[in-house]
Structure formats: structure tokens, C-alpha cells
Asker: 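Let me begin by handing over the structure; questions about it come next.
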Amino acid sequence: MDYLPIFADLKQRPVLVVGGGEVAARKVDLLLRAGAEVRIVAQALLAELEHQHLQGRVEWLGQNFVPQQLDDVFLVIAATDDSALNAEVYAEADKRRVLANVVDDQPRCSFIFPSIIDRSPLVVAVSSSGQAPVLARMLREKLEALLPVSLGQMAELAGGLRGKVKQRLASLGARRRFWEKTFNGRFATLVANGQTEQAQQQLEQDLTAFAQGNEGAQGEIALVGAGPGDVGLLTLRGLQVMQQADVVLYDHLVSEETLDLVRRDAERICVGKRAGAHSVIQEETNRLLVELAQQGKRVVRLKGGDPFIFGRGGEELQVAAAAGIPFQVVPGVTAAAGATAYAGIPLTHRDHAQSVTFITGHCRDDDDGLDWPALARARQTLAIYMGTMKAADISRNLIAHGRDADTPVAVISRGTRADQQVQTGTLQQLEQLTRHAPLPALLVIGEVVELHHQIAWFGHQSQTAVAARPAVVNLA
């Protein structure tokens with residue numbers, strides 16, 4: 001190692017910063033967050049630093065650096081654009097064995113600033129020993145995405161119980177097993193949800209159970225929306241939960257790229273359904289969810305789009321609730337929002353549509369339950385999921401109840417994915433457009449579809465005329 005990674009306690013310790021510009025201000029901000037007593041030497045202060053000086057948060061020693069300013073400081077930072085001055089600061093600090101950092105001058109650094117992921121009191125530092133700071137920053141950004149903001153609160157609550165854990169669990173091994181299970185269990189979920197009081201209670205309950213010899217972890221279910229296809233639309237919270245899963249039950253609509261983000265050693269079970277061809281019946285999925293969670297496993301139920309929009313997520317959680325299994329929900333980008341955005345079709349627009357209605361075309365056999373007169377009103381957008389098989393009925397009913405036969409429509413196939421396809425035409429052409437449309441497909445009906453030809457942005461757009469009044473297919 002070129003540098004020993006250490007964490008220094010700067011509370012109420014004097015630190016000298018030479019420089020008063022933007023770079024100096026960033027360093028001062030870090031120092032103040034660490035509780036340091038900051039002294040500044042600079043010809044002039046940035047407005048932010050001047051404000052802090054006037055508030056008494058930093059001390060401005062003067063405009064000119066003199067070596068005696070280093071006599072009683074803990075460390076010094078040189079952040080000026082005067083290389084000779086920076087070199088002088090480093091040399092004088094080195095004489096006094098004071099730690100020094102000259103910004104962007106690695107040979108003149110007896111300490112360096114790492115890239116920091118701050119989840120106080122938990123802090124993660126990443127350093128390239130000054131060789132590739134941009135690379136270190138990129139790695140920090142990746143870690144930021146993986147480390148929940150709640151980790152700090154979790155560490156703080158755990159710290160408050162450390163003494164009691166030591167009293168009740170005599171061996172180091174027992175304490176380690178307890179904390180590993182706790183940080184991966186219900187306690188962590190409650191903290192992430194902001195339920196601090198319940199998390200504290202859960203922590204106490206876990207300790208009592210563990211001390212009595214019950215080391216089994218309580219299972220739970222996380223219902224996660226994977227988004228419409230593009231892995232970049234997976235939420236940060238969804239990624240974090242997937243990385244903690246013991247087993248994942250997923251649908252056919254979940255992309256391979258999204259599945260690749262699941263924890264490597266997690267078990268994967270496909271419980272996908274396709275219209276008219278269910279590979280796993282819903283009752284079997286419900287049974288698996290309960291059975292796996294009762295085994296103490298962290299179960300992720302991964303669904304395409306959003307689990308509460310035509311995804312039967314509510315039904316599955318009713319089963320979990322009846323079995324007394326804890327659960328959480330991580331929303332996802334639903335297909336109507338994601339696919340239309342990638343197709344350049346705004347669901348609402350003040351000139352064209354003041355409302356949007358989400359509909360499923362895959363209804364119960366006994367009754368479709370749709371209010372056709374209300375759906376047929378103009379100046380609204382209809383987003384229809386799983387509607388390709390009933391496209392003819394949808395078109396006929398809307399026209400019969402007053403919707404103009406020339407109302408613009410779009411069929412968006414495999415929305416947000418690299419092979420997205422958008423076909424546009426009119427309401428009377430809807431059945432024709434869906435006849436050979438790749439699945440999954442979303443139907444969009446309304447005047448906003450016309451905007452697709454102006455603001456479509458995703459991928460390469462090509463157009464092919466298909467009828468006397470043309471239907472258009474756009475491949476993205």
C-alpha cells in the first residue's frame with residue numbers, strides 16, 4: 001500500500017486551509033462535517049466561505065501564508081492555483097511533521113482524500129492512492145447505488161445495543177452470527193422503511209430469541225417491480241432488495257439483463273404467466289411464496305412493470321398477510337409510463353388529453369367490467385395492457401359508444417427494450433395493427449399518439465406505410 005487507510009478524529013482539532021476558492025470550499029465543507037476547527041489563509045474568500053466566516057464557523061487568519069501558522073495545526077491543505085505557494089506550504093509542513101495535502105499534486109501529499117460514501121456513522125472510503133482519482137470516483141458512484149441510505153441509522157441502532165449483546169451472548173462467534181442474521185433480516189427492512197421504533201423492538205426481540213437458542217431468521221417477502229424492460233429503469237431500492245434475496249420468483253416479462261442483477265447465489269424460480277398459457281398457476285405461486293418465507297428465506301417476488309398495476313401483487317400479499325409473513329413493496333415503472341415515454345407519446349398533454357385511464361384487456365371471463373360510454377369520451381388517453389387478443393372488441397365497442405373511428409392509436413411492442421416496435425394508425429385499424437405485433441404489447445388510444453411523430457427519441461425510427469389511410473410501423 002502506498003497509503004495506510006485510516007479514519008482521523010478531527011473534532012475540535014485545528015486544521016489549516018490555504019486557499020479560498022471553490023476547491024478550498026469543498027475541502028472546508030468536509031472538514032466542518034467532521035467537526036474540525038477550520039482556519040483559512042487566502043487572498044479572498046469565496047462567497048460561501050465568507051458567509052461561514054461571518055457565522056463564526058471558520059476563522060480567516062489573513063491573506064498571506066507564513067510558516068508559523070502551521071505550528072499548532074493537526075493537518076494542512078493547500079488549495080491555491082499558485083504552485084510555488086503550494087510547494088512552500090508542503091515543505092514547511094513536512095519540516096514540522098504535519099500531515100499535508102496539496103490538491104491535485106500527489107507527490108506533495110502526505111495524506112490524500114479518498115472518495116467517500118457517507119452513511120454516518122458508517123463511512124466507506126475508496127482510494128487509488130492518487131493515481132486514478134476519476135476511477136475511484138466512478139467506483140464510489142457504483143457503491144452509492146448499492147448501499148442503502150438507511151445503513152447509517154441501522155449502525156446507530158445496533159451500536160446502542162452492543163453492550164446488551166455482549167452481556168447476553170458470551171462468545172464472539174455467537175455475537176457475529178447474531179449480527180449477520182440481524183442485518184439481513186426484518187430489522188434491516190424496518191429501518192429502510194423508516195420505522196425506527198418498530199426496528200428497535202425487532203432488534204430486542206431478535207436478541208431475546210437468539211439468546212434462548214432460537215437462531216432461525218424470520219423470513220419475509222419483497223414484492224418488487226422490475227420495470228417494463230430496460231434494466232436502467234429498475235429502481236435503486238429494487239436493486240438493493242434483489243441483492244439481498246435468498247430466492248427470487250420472477251415472471252416472463254422480467255428481462256434477462258434485470259435478472260443478471262440478482263445476487264449470484266440466490267435461487268431463481270420462474271413462475272411466469274402468459275395469456276392463455278400459464279406455466280405456473282397463481283395458487284402455486286402463492287404457496288411457494290408462503291412456504292419459502294416460512295423457511296426463513298428472504299423472498300423477492302419480481303414482476304415486470306409495477307406489481308400493483310395489473311400484476312396480481314395485491315392478491316399475493318393478501319396471502320402473505322393471512323399467513324402472518326412480513327412483507328414490503330418496491331414499486332416499479334409501469335409499462336404505460338415507460339413504454340409511452342420511450343415511444344415519444346406523453347400520456348397527458350394540455351392540448352390533447354386531460355386524463356389517462358389504465359385498462360386491462362385480459363379481464364375475467366364472466367364480465368369485462370368496462371364502462372364503455374366513459375371510455376369513449378374524447379380528449380383522454382387510454383392505455384390498455386394485454387389488449388392485443390381483444391383488439392377487435394375494443395375498437396368496435398369504443399366506436400359504437402361514440403369514439404371517432406379516426407382517433408389515433410399506437411401499438412407499442414416490447415417497450416423500452418432495444419427491439420422496441422411502435423405501430424401507429426387509427427382506431428378502426430387497431431385489429432390490423434395488433435395482428436402480428438410482437439409481445440408484450442401496450443395499446444394506446446388518443447390524440448396524444450400524434451405527438452409520436454414529433455418527439456419519438458428512442459432508437460432508430462423507420463416508417464412503413466400499410467393501408468389506404470396509412471398505419472405506420474416504427475422500429476426502435
Side-chain angles (χ1 to χ4, degrees), residues 1-118 120-121 123-141 144:
M1 292 186 296
D2 293 327
Y3 292 87
L4 176 67
I6 59 175
F7 290 87
D9 181 3
L10 298 183
K11 293 181 180 64
Q12 297 181 337
R13 295 183 186 273
V15 175
L16 180 65
V17 176
V18 182
E22 292 183 4
V23 176
R26 290 199 297 268
K27 303 302 182 185
V28 167
D29 179 63
L30 285 173
L31 294 169
L32 290 175
R33 285 162 57 185
E37 177 191 307
V38 180
R39 304 170 183 178
I40 301 177
V41 174
Q43 291 294 314
L45 296 181
L46 193 71
E48 175 186 342
L49 293 175
E50 184 174 4
H51 181 64
Q52 291 170 339
H53 170 57
L54 293 174
Q55 289 183 319
R57 299 183 63 201
V58 301
E59 181 182 1
W60 188 11
L61 298 182
Q63 294 182 317
N64 299 313
F65 168 75
V66 293
Q68 289 74 19
Q69 292 163 344
L70 294 168
D71 287 344
D72 63 343
V73 301
F74 189 70
L75 55 85
V76 60
I77 299 166
T80 78
D81 55 7
D82 185 336
S83 58
L85 175 57
N86 290 341
E88 180 186 0
V89 172
Y90 175 77
E92 293 295 339
D94 195 46
K95 287 180 186 178
R96 292 165 171 78
R97 300 187 184 279
V98 172
L99 292 173
N101 176 279
V102 177
V103 177
D104 289 335
D105 190 354
Q106 187 266 338
R108 291 192 172 95
C109 291
S110 52
F111 80 94
I112 55 178
F113 282 92
S115 291
I116 297 171
I117 303 100
D118 189 358
S120 295
V123 178
V124 179
V126 180
S127 172
S128 65
S129 297
Q131 300 301 311
V134 173
L135 181 60
R137 189 195 70 211
M138 291 171 61
L139 180 57
R140 183 207 71 200
E141 291 169 354
E144 284 274 11

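Here the structure is a predicted model, which is why all the values come from computation and not from measurement. As a basis for the values below, the full set of heavy atoms in this structure was taken, side chains included, without hydrogen atoms, waters or symmetry mates.
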Asker: Within this structure, what is the CZ-CG distance for the pair Phe111 and Leu75, rounded to the nearest 0.5 Å?
Answerer: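 One finds 4.5 Å between CZ of Phe111 and CG of Leu75.
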Asker: Tell me which pairs pass salt bridge (Lys or Arg N to Asp or Glu O under 4.0 Å) where either residue lies in residues 77-90, with sequence neighbours left out.
Answerer: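 For residues 77-90: none.
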Asker: Could you report the tightest heavy-atom contact between Gln69 and Leu61, atom names first, then the distance?
Answerer: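 So the minimum-distance heavy-atom pair works out to CG-CD1, 4.2 Å.
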Asker: Heavy atoms, side chains only, cut-off 4.5 Å: are His53 and Ile40 in contact?
Answerer: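 No. Closest side-chain heavy atoms not under 4.5 Å.
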Asker: Tell me the closest heavy-atom pair linking Leu30 and Ile116, and the distance in Å.
Answerer: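 Reported closest heavy-atom pair: CD2-CD1, 4.4 Å.
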Asker: Could you go through the side chain to side chain contact (heavy atoms under 4.5 Å, CB included) check for Arg39 and Val73 one step at a time?
Answerer: CA-CA 9 Å; Arg39 304 170 183 178; Val73 301; 4.0 Å; yes
Asker: Locate the shortest heavy-atom distance separating Ala24 from Val17; write the atom from each residue and the value.
Answerer: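 Shortest heavy-atom contact: CB-CG1, 4.0 Å.
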Asker: Measuring from atom CG of Leu70 to atom CG of Asp94, what distance do you get when rounded to the nearest 0.5 angstrom?
Answerer: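 These two atoms lie 11.0 Å from each other.
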Asker: Walk me through it: do Arg26 and Asp29 pass the test side chain to side chain contact (heavy atoms under 4.5 Å, CB included)?
Answerer: CA-CA 5 Å; Arg26 290 199 297 268; Asp29 179 63; 5.7 Å; no
Asker: Check whether any side-chain N or O of Gln63 sits under 3.5 Å from a backbone N or O of Gln43 as a donor-acceptor pair, and report yes or no.
Answerer: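 Yes: the side chain of Gln63 pairs with the backbone of Gln43.
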Asker: CG/Asp2 to OG/Ser127 distance, rounded to the nearest 0.5 angstrom?
Answerer: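 That separation rounds to 9.0 Å.
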Asker: Can you measure from CD1 (Ile77) to OG1 (Thr80) and round to the nearest 0.5 angstrom?
Answerer: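 With rounding to 0.5 Å, CD1 (Ile77) is 13.0 Å from OG1 (Thr80).
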Asker: Output the distance between atom CG (Asp104) and atom OG (Ser83), rounded to the nearest 0.5 Å.
Answerer: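 That separation rounds to 12.5 Å.
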Asker: Nearest heavy-atom pair of Ala36 and Val15: which atoms, and what distance?
Answerer: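 Looks like CB-CG2, 3.9 Å.
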Asker: Taking atom CD of Glu37 and atom CD of Glu59, what is their separation to the nearest 0.5 Å?
Answerer: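 The CD atom of Glu59 is 7.0 Å from CD of Glu37, to the nearest 0.5 Å.
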Asker: Do Leu31 and Leu10 have side chains that approach each other closer than 4.5 Å (heavy atoms only, starting at C-beta)?
Answerer: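 In contact.
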Asker: Walk me through it: do Val41 and Val66 pass the test side chain to side chain contact (heavy atoms under 4.5 Å, CB included)?
Answerer: CA-CA 9 Å; Val41 174; Val66 293; over 6 Å; no
Asker: Return yes if some donor-acceptor pair links the side-chain N/O of Trp60 with the main-chain N/O of Ala42 below 3.5 Å, else return no.
Answerer: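 At least one qualifying donor-acceptor pair exists.
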Asker: Is it the case that atom CD in Glu141 sees more than 12 heavy atoms from other parts of the structure closer than 6.0 Å?
Answerer: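 Atom CD in Glu141 is packed in, count exceeds 12.
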Asker: Would Val89 and Val102 satisfy side chain to side chain contact (heavy atoms under 4.5 Å, CB included), going step by step from the backbone distance to the final call?
Answerer: CA-CA 8 Å; Val89 172; Val102 177; 5.8 Å; no
Asker: Between Asn86 and Ala79, which heavy-atom pair has the shortest distance, and what is it?
Answerer: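 In terms of heavy atoms, the two residues are closest at OD1-N, 4.2 Å.
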Asker: Do the side chains of Val38 and Leu32 get nearer than 4.5 Å, heavy atoms only?
Answerer: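 Result yes, sub-4.5 Å side-chain heavy-atom pair found.
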Asker: Count the heavy atoms belonging to other residues, nucleotides or ligands that lie under 6.0 Å from CD of Gln12, then report whether that count exceeds 12.
Answerer: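 No, not enclosed.
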Asker: Between Leu46 and Ala25, which heavy-atom pair has the shortest distance, and what is it?
Answerer: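 So the minimum-distance heavy-atom pair works out to CD2-CB, 3.9 Å.
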Asker: If you define the side chain from C-beta out and look only at heavy atoms, does anything of Pro114 sit under 4.5 Å from Tyr3?
Answerer: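 No, every pair of side-chain atoms sits at 4.5 Å or beyond.
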Asker: Determine whether Gln106 and Pro133 make a side-chain contact, defined as any pair of heavy atoms from C-beta on separated by less than 4.5 Å.
Answerer: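 They are not in side-chain contact.
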Asker: Going by ring pair (Phe, Tyr, Trp, His ring centres under 6.0 Å), name the pairs with one or both residues in residues 61-101, residues two or more places apart or in two chains.
Answerer: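 Pairs touching residues 61-101 that pass the test: none.
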